[in-house]
Protein chains: 2
Amino acid sequence: MATHAHHHHEHHGHDLADAAQKALTAAGEQWTDMRADIFSVLATFDKPASAYDIADLVSQKRGKRVAPNSVYRILDLFVANNLASRVESANAYLANAHPGCLHDCIFLICDSCGSATHIDDDSLTRNVRKAAEAAGFNAVRPVVEVRGTCADCD
Amino acid sequence: MATHAHHHHEHHGHDLADAAQKALTAAGEQWTDMRADIFSVLATFDKPASAYDIADLVSQKRGKRVAPNSVYRILDLFVANNLASRVESANAYLANAHPGCLHDCIFLICDSCGSATHIDDDSLTRNVRKAAEAAGFNAVRPVVEVRGTCADCD
DNA sequence: AAATGAAATGATATGTTGTAACGTGGTACC
DNA sequence: GGTACCACGTTACAACATATCATTTCATTT
């Protein structure tokens with residue numbers, strides 16, 4: 001991926017869940033059954049998943065209703081610990097393919113098929129932060145997303 | 001404003017509504033009473049306004065309930081014609097201070113006071129588009145927002 | 001002026017996303 | 001065995017957004 005200035009371990013499947021668990025416990029948080037289930041469901045999506053989508057699937061998986069409320073709580077925890085990202089323009093969430101590695105993410109969201117691609121371009125997001133700071137703003141969280149159509153849908 | 005590479009007429013108050021009217025009619029759309037009211041209410045906000053906020057105020061102003069869906073319709077029209085912008089990370093809208101002038105907007109949203117600053121940095125947003133296109137993506141609408149705290153709130 | 005047709009708005013309902021408040025159950029520690 | 005903490009459950013509700021169909025408005029044509 002040309003926009004990667006450095007190398008990532010891109011985790012997949014069980015490997016990814018494993019990395020997520022390590023990252024979360026390293027942060028002093030617990031890796032509970034509920035969190036594992038929510039993470040694994042989130043990780044199966046190839047497009048941003050809404051909290052309600054996740055709640056439905058986790059409910060099925062567990063044979064017992066899991067309320068959106070609980071899902072939000074855990075998604076917030078994931079986002080805070082960099083295991084997942086929120087895609088603002090889609091009101092939805094994506095598992096982070098390389099937990100433990102901090103980035104200002106850039107998402108490309110296809111308006112046709114709904115898929116989202118994650119690219120990293122640290123120099124670009126650095127410039128976003130700089131522009132904000134030049135305006136006297138204390139930048140905390142850049143939100144850089146692009147709506148359009150992906151290569152497959154063109 | 002240092003990040004402006006070129007000069008803008010920054011409109012205010014009645015002047016702004018006037019410019020908005022010109023821009024909308026120039027696009028072949030009508031400038032109705034309802035649209036004028038919604039625009040003027042939107043323009044009074046110094047922070048992003050939700051469609052429901054606007055609906056409430058316009059309802060007051062007219063002495064008659066205006067339903068959110070009517071507001072959404074007109075806000076969509078404004079956004080499509082560049083009279084207003086949607087702030088994705090706030091689910092809210094801002095009047096555009098220079099209708100008729102096309103930009104990929106950058107918003108700085110203060111998590112403390114809720115105010116939003118609009119900066120233009122065409123080279124930056126051009127780079128966002130470029131990065132997306134380099135990934136085989138057909139970029140239509142960059143969403144560049146920054147959450148943080150403004151100079152006043154620091 | 002009446003008829004017509006297109007555009008704008010109204011009314012109602014419902015769908016989707018997100019939080020607040022408080023209760024319950026487990027676990028570690030003393 | 002209290003008690004303090006944390007995760008999760010339950011319920012209710014707030015906030016955001018759209019779908020559908022009815023009605024009004026207004027310009028155009030006759």
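Keep in mind it's a predicted model, so treat the numbers as computed, not measured. Here is how names work: the chains are called A, B, and so on, in the same order as the sequence lines, proteins then strands, and each is numbered from 1.
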Colleague: A:L16 and A:N96: which non-hydrogen atoms are nearest, and at how many Å?
Modeller: CD1-O, 3.5 Å

Colleague: B:D120 versus B:D104: any side-chain heavy-atom pair under 4.5 Å?
Modeller: no

Colleague: From the 5' end of DNA chain C to its 3' end, which nucleotides mark the outer limits of contact with chain A, defined by a 4.0 Å heavy-atom distance cut-off (strictly under)?
Modeller: C:dT17 to C:dA21

Colleague: Of A:L42, A:I74, A:T44, which is the lone residue that meets side chain to side chain contact (heavy atoms under 4.5 Å, CB included) with A:I54?
Modeller: A:L42

Colleague: For A:I74 and D:dA7, what is the distance between atoms CD1 and C1' respectively, to the nearest whole Å?
Modeller: 8 Å

Colleague: Rounded to the nearest Å, what distance is computed from the CG atom of residue A:L24 to the C1' atom of nucleotide D:dC6?
Modeller: 14 Å

Colleague: Would you name the heavy atoms of A:A51 and A:V71 that are closest together and state the gap between them?
Modeller: O-CG1, 3.6 Å

Colleague: How many Å lie between CH2 on B:W31 and P on D:dC26, as a whole number?
Modeller: 17 Å

Colleague: Heavy atoms under 4.0 Å is the rule here; annotate nucleotides 10-21 of chain D 5' to 3' with B where the base is hit, S where only the sugar-phosphate is, and - elsewhere.
Modeller: BB----BBBBB-

Colleague: Would you tell me if any nitrogen or oxygen in the side chain of A:T32 comes within less than 4.0 Å of OP1 or OP2 on D:dC8?
Modeller: yes

Colleague: Hey, which sits more toward the 5' end of DNA chain C by its nearest nucleotide, B:V66 or B:Q30?
Modeller: B:Q30

Colleague: Whether A:E88 and A:R86 form a salt bridge (side-chain N of Lys/Arg under 4.0 Å from carboxylate O of Asp/Glu) is what I want to check.
Modeller: yes

Colleague: Under a 4.5 Å side-chain heavy-atom rule over Ile, Leu, Val, Met, Phe, Trp and Tyr, are B:V87 and B:L108 clustered together?
Modeller: no

Colleague: Treating Ile, Leu, Val, Met, Phe, Trp and Tyr as nodes and any side-chain heavy-atom pair under 4.5 angstrom as an edge, say whether B:L94 and B:I119 lie in one connected cluster.
Modeller: no

Colleague: Students often mix this up, so state it plainly: with edges at 30° and 60°, are the rings of A:Y52 and A:Y72 parallel, tilted or perpendicular?
Modeller: perpendicular

